[in-house]
Amino acid sequence: MRGRRISITCDECSVHKISKFKSLNDSELDRINYHKSCTAYKKGQILFHEDTRPLGVFCINAGKLKVYKTGDDGKDQIIQIAKSGDLLGYRAMISEDLYPVTAEALEEVKVCFIPKSEFMKLIDESHDFVMMLLKDACQELGDMTGMMTTLAQKSVRERLAVTLLMLKRVYEADTPEGEEIEINLTREDLANIVGTATETVIRLLHDFKEEELIRTSGRKIMVLEPERLVKVGNIY
DNA sequence: GTCTGCAAAACTCGTTGGTT
DNA sequence: AACCAACGAGTTTTGCAGAC
């Protein structure tokens, strides 16, 4: 299933200022612009599969993706919800590994693909760019450590509270100021982040609703009381 | 008591075809 | 082209039994 080719130039890109490419100079940016290809993916389409070889990196222009790993029992564990401005696939490429995860569009997604050769040239030439990648990789390592601890030590109820707060941060980036933040994810995806069964997530969401911590409208979830969710999640 | 898995019912959403 | 109803697929919810 392939996406539809589209055209986005870096200087008119809406996320350029928050992307990893913000430190590049004009000539470096021109080169990326020349070599990259941009694609629109529909919901459910796959950008890259686990255990395939990276041929380049993906810069998300618009939309959200779930990044997940499939376990031995066939169940998916969602590692990350990637959003506009995020860069995907560079760690596996730099370490010359296969992709450890799959990236799938959660909605209409616009993505720019930068071939490996051009990306590696940038790493050779731009110190600022390398530092930016290093910072990002270290940050993610820290996040993963936190996630592992959360999954291992917290109850499902606590994990769901932590997950809702994390998703609120992800979704508020795309929400105009003043508007209510809506987390738009299936219950199954939510369960795959929390690491539990869909039914358990639905039951706990029902409890959170009763406690007026959240409100739901169809599949959409609105966090009403983030401070109380912090307490429920035992976050200090 | 907490959580999971299964099954069934209820609900939502996207697609399709007909009508205006 | 716009609107609407019907339909089917997918998703959500609920109840129950059982494992830990």
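Residue numbers start from 1 in every chain, and the chains themselves are labelled A, B, ... in the order their sequence lines are given, proteins ahead of strands. All values derive from a computational prediction rather than experimental measurement.
- Rounded to whole Å, the distance from CG on A:Leu190 to P on C:dT12 is 9 Å.
- One can place CD1 of A:Ile214 at 13 Å from P of C:dT12, the figure rounded to the nearest angstrom.
- Taking every side-chain heavy atom of A:Ala197 into account, B:dG5 is the closest of B:dG5, B:dC3, C:dT12.
- Ion pair A:Asp76/A:Lys69 not flagged as a salt bridge, since none of the NZ, NE, NH1 or NH2 atoms sits closer than 4.0 Å to an Asp/Glu carboxylate oxygen.
- In this structure, A:Asn184 places its CG atom 13 Å from C1' of C:dT11, rounding to the nearest Å.
- If you look at A:Phe119 and A:Phe129, their ring centroids are closer than 6.0 Å.
- Regarding contacts with the backbone of C:dT13, a side-chain N or O of A:Arg187 is found under 4.0 angstrom from either OP1 or OP2.
- In terms of polar N and O atoms assigned as donor or acceptor, the side chain of A:Arg157 never comes within less than 3.5 Å of the base of B:dG1 in a complementary pairing.
- As a whole-Å value, the separation of A:Glu188 CD from C:dA9 C1' is 14 Å.
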Inset, instruction - Test salt bridge (Lys or Arg N to Asp or Glu O under 4.0 Å) on A:Lys231 and A:Glu211 and set out the steps. - result: CA-CA 13 Å; A:Lys231 283 186 187 168; A:Glu211 295 164 43; over 6 Å; no
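- A 6.0 Å sphere centred on CE of A:Met120 holds more than 12 heavy atoms belonging to other residues, nucleotides or ligands.
- When heavy atoms are screened at a 4.0 angstrom cut-off, A:Glu199 is found touching base atoms of the nucleic acid.
- Distance from the side chain of A:Thr196 is smallest for B:dC3 among the nucleotides B:dC3, C:dT12, B:dG5.
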Inset, instruction - Evaluate the side chain to side chain donor-acceptor pair (under 3.5 Å) criterion for residues A:Asp136 and A:Tyr90: first the C-alpha distance (whole Å), next the side-chain angles of each, then the deciding distance (0.1 Å), finally the verdict. - result: CA-CA 11 Å; A:Asp136 188 62; A:Tyr90 72 89; 2.5 Å; yes
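- Between the NE2 atom of A:His206 and the P atom of C:dG15 there is a distance of 9 Å, rounded to whole Å.
- One atom, NZ of A:Lys209, and another, P of C:dT13, lie 6 Å apart when rounded to the nearest Å.
- Under 4.0 angstrom from either OP1 or OP2 of B:dT4 there lies at least one side-chain N or O belonging to A:Thr200.
- Here B:dC6 presents its P atom at 15 Å from CD1 of A:Ile202, a figure rounded to the nearest Å.
- A:Lys220 has its NZ atom 15 Å from the P atom of C:dT11, to the nearest Å.
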